[in-house]
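Counting starts at 1 for both ligands and their atoms, following the listed order. Note that this is a predicted model, so its numbers are computed, not measured.
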Amino acid sequence: MNRLTNKRILLGVTGGIAAYKSADLTRRLQDEGADVRVVMTHSAQEFITPLTMQALSGHPVHLDLLDTETESVMGHIELARWADIILVAPATADFIARYASGHGDDLLTAVCLAAECTMAVAPAMNQAMWAKAATQANVDALRNMGVHTFDPDEGLQACGETGAGRLMDVPDIVTRVSDLFDQGTLAGRHVVITAGPTREAIDPVRFISNHSSGKQGYALAEAALEAGARVTLVSGPTHIPAPERATLVPVESAQDMLDAVMQCAPGADIFIGVAAVADYRPESSADQKLKKQASEGLALSLVQNPDILKTVAGLTENRPFSVGFAAETENLVDYATKKLETKNLDMIIANNVADTSIGFNSDDNETIIITRDGQEPLSKSSKEVVSRKIIATIAERMMQGSEQVA
Ligand code: PMT
């Protein structure tokens with residue numbers, strides 16, 4: 001299970017011999033699912049090149065406080081706000097002293113000063129420097145400021161001396177960083193969600209669709225992210241922004257949606273079909289815009305679309321926990337329960353769409369969670385609140401399932 005999924009880590013590298021270990025640290029943090037961006041001090045660049053850190057992190061490395069190029073990409077305040085945690089590793093005695101006394105005259109100290117997120121430093125220096133009263137006072141000052149310190153290991157140092165001062169082992173730093181985060185109920189899980197409407201082309205300018213806005217599906221994606229999951233959001237056309245940390249796969253038609261879902265849902269932990277998928281599409285789509293005819297009308301011949309949810313829930317291998325939505329205007333519980341059975345689902349959310357203040361294109365929803373062993377009504381509230389409850393119930397069910405297996 002990846003312990004740092006969706007987490008944004010700003011890695012500060014300062015100028016000591018252990019700076020070369022920040023390359024490995026970047027990789028190990030990424031292995032745990034973190035998005036890592038790097039700030040290097042001038043002296044750090046004497047030990048390891050920004051190019052190495054850029055290649056490993058996959059992002060430009062931030063070097064200067066007054067560099068107009070990098071400041072325009074992401075300024076120092078934005079960098080501080082972007083991070084869930086700022087980790088300075090290795091942290092030299094000089095950096096610790098300047099950070100503890102509130103300096104902000106280079107990029108790294110300025111970012112640390114502006115930060116409101118979790119902060120951690122992993123000191124590395126000569127054993128005598130680490131033991132000095134001044135250094136220990138500065139480290140204590142950082143601790144009093146709420147900064148987590150990952151104290152150095154003992155052993156043979158690059159300078160040939162032995163004692164406490166070596167950078168904590170990289171796997172131990174990764175564990176300590178992971179421990180600083182609350183592990184959500186879906187930490188390390190992969191959730192695939194469909195959302196929005198599909199569009200079924202009649203000709204190049206016309207289509208059949210419905211009123212789905214994507215609000216319910218996007219709110220579920222956000223709630224799953226909050227619970228620590230990695231989220232893939234396969235979405236038909238909408239006018240709302242997708243949650244920043246979700247991987248968005250935009251699609252148009254039901255067939256496009258099925259193709260995209262089959263790329264990511266097998267092997268995922270959870271699949272939630274929120275999309276209002278068109279049940280039918282025109283038998284053929286005209287290559288050119290249809291011209292108005294002199295005759296009275298136009299008959300469209302429709303054929304059935306594939307059922308995406310049923311396809312996923314019917315997988316015999318790598319089947320995710322499968323959740324559907326049932327949009328009904330009558331016989332809500334009966335029809336939804338039938339869909340639970342015919343589509344072989346683990347859970348269905350019955351959604352009364354006859355009431356326009358809930359359901360399609362509204363900000364609120366009122367639903368009933370139905371499983372094979374019961375029902376739980378969710379009273380009317382915002383789609384965000386409804387989504388958190390649905391995600392919590394899914395997590396609880398999955399936990400029960402894994403306990404039964406164990
Ligand atoms: O997007 P919003 O404006 O926020 O509105 C939210 C919503 C009303 C669209 C949502 O809450 C909802 O109810 N979604 C399900 C819409 C729907 O198509 O329901 P259905 O009863 O027709 O389909 C049952 C289930 O099968 C759904 O999970 C649907 O995604 C899935 N399905 C349906 C047809 C098909 N060809 N493939 C499918 O996967």
Side-chain angles (χ1 to χ4, degrees), residues 192-200 208-223 233-243 251-262 264-265 270-281 302-315 320-370 378 380-387 389-391 394:
V192 176
I193 298 175
T194 64
T198 63
R199 285 181 181 174
E200 310 301 326
I208 298 173
S209 192
N210 57 63
H211 293 294
S212 171
S213 61
K215 288 178 190 171
Q216 182 62 73
Y218 285 31
L220 270 160
E222 190 65 62
L233 181 60
V234 181
S235 175
T238 70
H239 298 288
I240 55 173
V251 295
E252 289 265 333
S253 68
Q255 185 60 52
D256 294 345
M257 190 172 270
L258 176 68
D259 294 344
V261 163
M262 292 315 284
C264 53
I270 299 165
F271 176 72
I272 313 178
V274 195
V277 184
D279 286 322
Y280 296 93
R281 67 173 184 277
L302 302 177
V303 293
Q304 229 174 65
N305 266 329
D307 192 312
I308 300 162
L309 181 59
K310 196 171 176 181
T311 308
V312 173
L315 286 170
F321 185 91
S322 301
V323 181
F325 268 68
E328 308 293 348
T329 54
E330 56 178 347
N331 301 330
L332 184 61
V333 172
D334 273 6
Y335 286 166
T337 307
K338 275 201 187 84
K339 284 178 183 168
L340 176 81
E341 282 156 14
T342 56
K343 298 193 189 215
N344 186 36
L345 307 178
D346 299 292
M347 184 184 287
I348 195 153
I349 317 298
N351 203 166
N352 176 0
V353 289
D355 178 348
T356 54
S357 74
I358 54 174
F360 282 98
N361 201 17
S362 57
D363 290 334
D364 295 334
N365 214 348
E366 184 180 339
T367 60
I368 306 172
I369 300 180
I370 304 176
L378 301 182
K380 185 172 174 177
S381 42
S382 70
K383 285 183 172 166
E384 287 71 28
V385 170
V386 168
S387 297
K389 288 185 181 153
I390 293 172
I391 290 294
I394 292 173

Identified side-chain hydrogen bond (donor to acceptor under 3.5 Å, both in side chains) partner of Q216 from the options N361, N365, N351:
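Single side-chain hydrogen bond (donor to acceptor under 3.5 Å, both in side chains) partner of Q216 among N361, N365, N351: N365.
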At what distance is the nearest protein heavy atom to [atom], and which residue and atom is it?
| atom | answer |
| --- | --- |
| atom 13 (O) of ligand 1 | N351 OD1, 3.3 Å |
| atom 6 (C) of ligand 1 | Q216 CB, 3.6 Å |
| atom 26 (O) of ligand 1 | K343 NZ, 2.9 Å |
| atom 25 (C) of ligand 1 | F325 O, 3.0 Å |
| atom 20 (P) of ligand 1 | K339 NZ, 3.6 Å |
| atom 37 (N) of ligand 1 | I308 N, 3.1 Å |
| atom 14 (N) of ligand 1 | V274 O, 2.9 Å |
| atom 19 (O) of ligand 1 | A327 N, 3.4 Å |

For atom 36 (N) of ligand 1, which of the options A313, P306, A254, A350 provides the nearest non-hydrogen atom?
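Among A313, P306, A254, A350, the closest heavy atom to atom 36 (N) of ligand 1 belongs to P306.
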Give the single entry among S235, A275, G324 that approaches atom 29 (C) of ligand 1 most closely by any heavy atom.
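Residue with the shortest heavy-atom distance to the ligand atom: A275.
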Side chain, backbone, both or neither: S362 near ligand 1, heavy atoms under 4.0 Å
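Contact part for S362 vs ligand 1: neither.
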With a 4.0 Å heavy-atom cut-off (strictly under), which part of D279 contacts ligand 1: side chain, backbone, both or neither?
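The answer is the side chain of D279.
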Looking at [atom1] of [X] and [atom2] of [Y], how far apart are the two atoms once the value is rounded to the nearest 0.5 Å?
| X | Y | atom1 | atom2 | answer |
| --- | --- | --- | --- | --- |
| I270 | L220 | CD1 | CG | 10.5 Å |
| E384 | D363 | CD | CG | 7.5 Å |
| Y335 | T342 | OH | OG1 | 13.0 Å |
| I240 | Y218 | CD1 | OH | 5.5 Å |
| I208 | L302 | CD1 | CG | 5.0 Å |

Just so I know, are the side chains of S362 and K215 near enough to count as touching, which here means a heavy-atom distance under 4.5 Å?
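Heavy-atom side-chain distance check fails, nothing below 4.5 Å.
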Going by the atom numbers of ligand 1, which of them fall below 4.0 Å from some non-hydrogen atom of K215?
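Counting atoms of ligand 1 from 1, those under 4.0 Å from K215 are 1 (O), 2 (P), 4 (O).
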Check this for me - ligand 1, G217, N or O atoms closer than 3.5 angstrom, yes or no?
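There is no such contact.
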